Amino acid sequence: MKQLKIIEYKNRIGVFGACCFSPEQTFECGQCFRFERNNAGEYEGIASSHFARILLEGEAVVFRDSTVNEVRDFWIPYLDLERDYEKIVCSFPENSHISTAAHCCSGIHILKQDPWETLCSFIISQNNNIPRIKKIVKSLCENFGEKLDCGGYSFPDIEKIAAAGVEGLSIIKSGFRAKYIIDAAEKVAGGKINLETLKLMTYEQAKAELIKIKGVGEKVASCVTLFGLGFLNAFPVDVWIKRVLQKYYGEDFDIGYFGEYAGIAQQYLFHYERGNKKFRHFS
DNA sequence: GTCCAGGCATGCA
DNA sequence: TGCATGCATGGA
């Protein structure tokens with residue numbers, strides 16, 4: 001655990017002492033869908049019903065338009081700023097592909113997102129591309145969320161989505177995923193699945209519960225446990241990760257290879273592999 | 001027009 | 001259990 005210092009100055013709030021945090025890498029690596037880079041080079045967006053503008057200034061993680069309380073109680077946990085990521089990177093197997101990826105993507109933090117928001121977002125992510133996932137999530141919030149002082153919208157309540165039904169949801173154009181979102185909302189709103197209780201289970205138990213929801217399989221469930229429930233050992237395997245594993249680790253890859261922080265390794269590999277493709281594309 | 005996108009449900013062997 | 005196919009939508 002890192003000891004952080006919060007300092008307020010010129011209507012900004014600076015957090016000092018965090019380890020290896022890059023807003024760009026953290027918000028561009030596909031784990032959340034509501035943050036964008038603005039003209040000032042800050043990352044701005046909404047998580048649940050909290051708005052922030054986030055940037056780096058020297059050693060500090062700086063927040064504009066926030067209060068000290070909000071930074072301390074919401075954003076520091078959300079951005080996982082107290083965790084010692086350097087120590088975790090050192091725990092990965094040396095001289096492997098993960099070393100390169102980790103070095104390159106060392107600014108990624110695993111966000112502690114709201115479980116319901118994460119569940120919805122990753123149901124939407126299936127067989128979809130990131131720009132359109134963002135578009136659909138935005139539409140979901142604008143149509144069913146609450147308007148906030150910043151001008152944006154909160155992520156919608158479970159009950160509001162459950163009440164909308166499949167037909168009501170058609171406005172967001174999520175296609176065949178609408179029925180999955182509604183099934184998730186009904187199961188959670190109806191108490192069949194308690195998302196907070198999942199945090200107290202083992203990773204395997206929590207995942208098994210999530211897979212009871214229609215449209216939630218191994219991959220989506222892994223993402224929800226990793227980004228929404230705090231299981232850093234979760235290792236979501238999607239098309240990109242499959243490619244990486246085959247390329248660098250062979251067919252007989254053992255899922256336990258990266259240990260208790262496999263999810264962090266997964267994000268390094270995912271972001272690194274996607275970055276490589278982009279690079280090739282432009283070269 | 002065709003292909004593809006942080007998958008999953010379904011049907012069939 | 002393992003594999004093929006359809007699925008809504010929109011950008012390249």
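For clarity, every value in this text was computed on a predicted model and none was experimentally measured. All chains are named by letter (A, B, ...) in the order of the sequence lines, taking the proteins before the strands, and each is independently numbered beginning at 1.
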(request) Could you check which of B/dG6, B/dA5, C/dA8 has an atom nearest any side-chain atom of A/W240? (result) B/dG6
(request) Can you figure out which of C/dG10, C/dA8, B/dC8 approaches the side chain of A/V220 most closely? (result) B/dC8
Answer with base, sugar-phosphate or nothing: what part of the nucleic acid does [X] contact at a heavy-atom distance below 4.0 Å?
{"X": "A/Q31", "answer": "base"}
{"X": "A/K242", "answer": "nothing"}
{"X": "A/C32", "answer": "nothing"}
{"X": "A/G217", "answer": "sugar-phosphate"}
{"X": "A/K173", "answer": "sugar-phosphate"}

To the nearest Å, give me how far apart [atom1] ([X]) and [atom2] ([N]) are.
{"X": "A/I123", "N": "B/dG7", "atom1": "CD1", "atom2": "P", "value": "14 Å"}
{"X": "A/L140", "N": "C/dT9", "atom1": "CG", "atom2": "P", "value": "16 Å"}
{"X": "A/F270", "N": "B/dG6", "atom1": "CZ", "atom2": "C1'", "value": "5 Å"}
{"X": "A/N127", "N": "C/dT5", "atom1": "CG", "atom2": "C1'", "value": "12 Å"}
{"X": "A/N129", "N": "C/dT9", "atom1": "CG", "atom2": "C1'", "value": "9 Å"}
{"X": "A/E273", "N": "B/dA5", "atom1": "CD", "atom2": "C1'", "value": "16 Å"}
{"X": "A/L169", "N": "C/dT9", "atom1": "CG", "atom2": "P", "value": "12 Å"}
{"X": "A/R132", "N": "B/dG7", "atom1": "CZ", "atom2": "P", "value": "13 Å"}

(message) Regarding B/dG6, can its base be found pairing with the side chain of A/Q267 as donor and acceptor, where the two atoms are less than 3.5 Å apart?
(response) yes
(request) Can you tell me, in whole Å, how much space there is between the C1' of B/dC3 and that of C/dC7? (result) 15 Å
(message) If I pick the C1' atom on C/dG2 and the same atom on B/dG6, what distance separates them, to the nearest angstrom?
(response) 23 Å
(request) Please check if atom CD in A/Q3 has more than 12 non-hydrogen atoms from other residues, nucleotides or ligands closer than 6.0 Å. (result) no
(message) Is it the case that over 12 heavy atoms from other parts of the model lie below 6.0 angstrom from the NZ atom of A/K199?
(response) yes
(request) Report the residue (A/S125 or A/Y180) whose heavy-atom-nearest nucleotide on DNA chain B is the more 5′ of the two. (result) A/S125
(request) Can you tell me the pairing partner of B/dA5 across any strand shown, Watson-Crick or G-U wobble, with both distances under 3.5 angstrom? (result) C/dT9
(message) For a quick test of reading the model: is some side-chain N or O of A/K135 closer than 4.0 Å to OP1 or OP2 of C/dT9?
(response) no
(request) Spell out, as yes or no, whether a donor-acceptor pair under 3.5 Å connects the side chain of A/Q266 to the backbone of A/P236. (result) yes
(message) Please check: side-chain N/O of A/S125 versus main-chain N/O of A/F122, any donor-acceptor pairing under 3.5 Å?
(response) yes
(request) Before accepting this row, confirm whether a basic side-chain N of the pair A/K187/A/D183 lies closer than 4.0 Å to the acidic partner's carboxylate O. (result) yes
(request) Run the salt-bridge test on A/D65 and A/R53 with the 4.0 Å N-O cut-off and return the result as yes or no. (result) yes
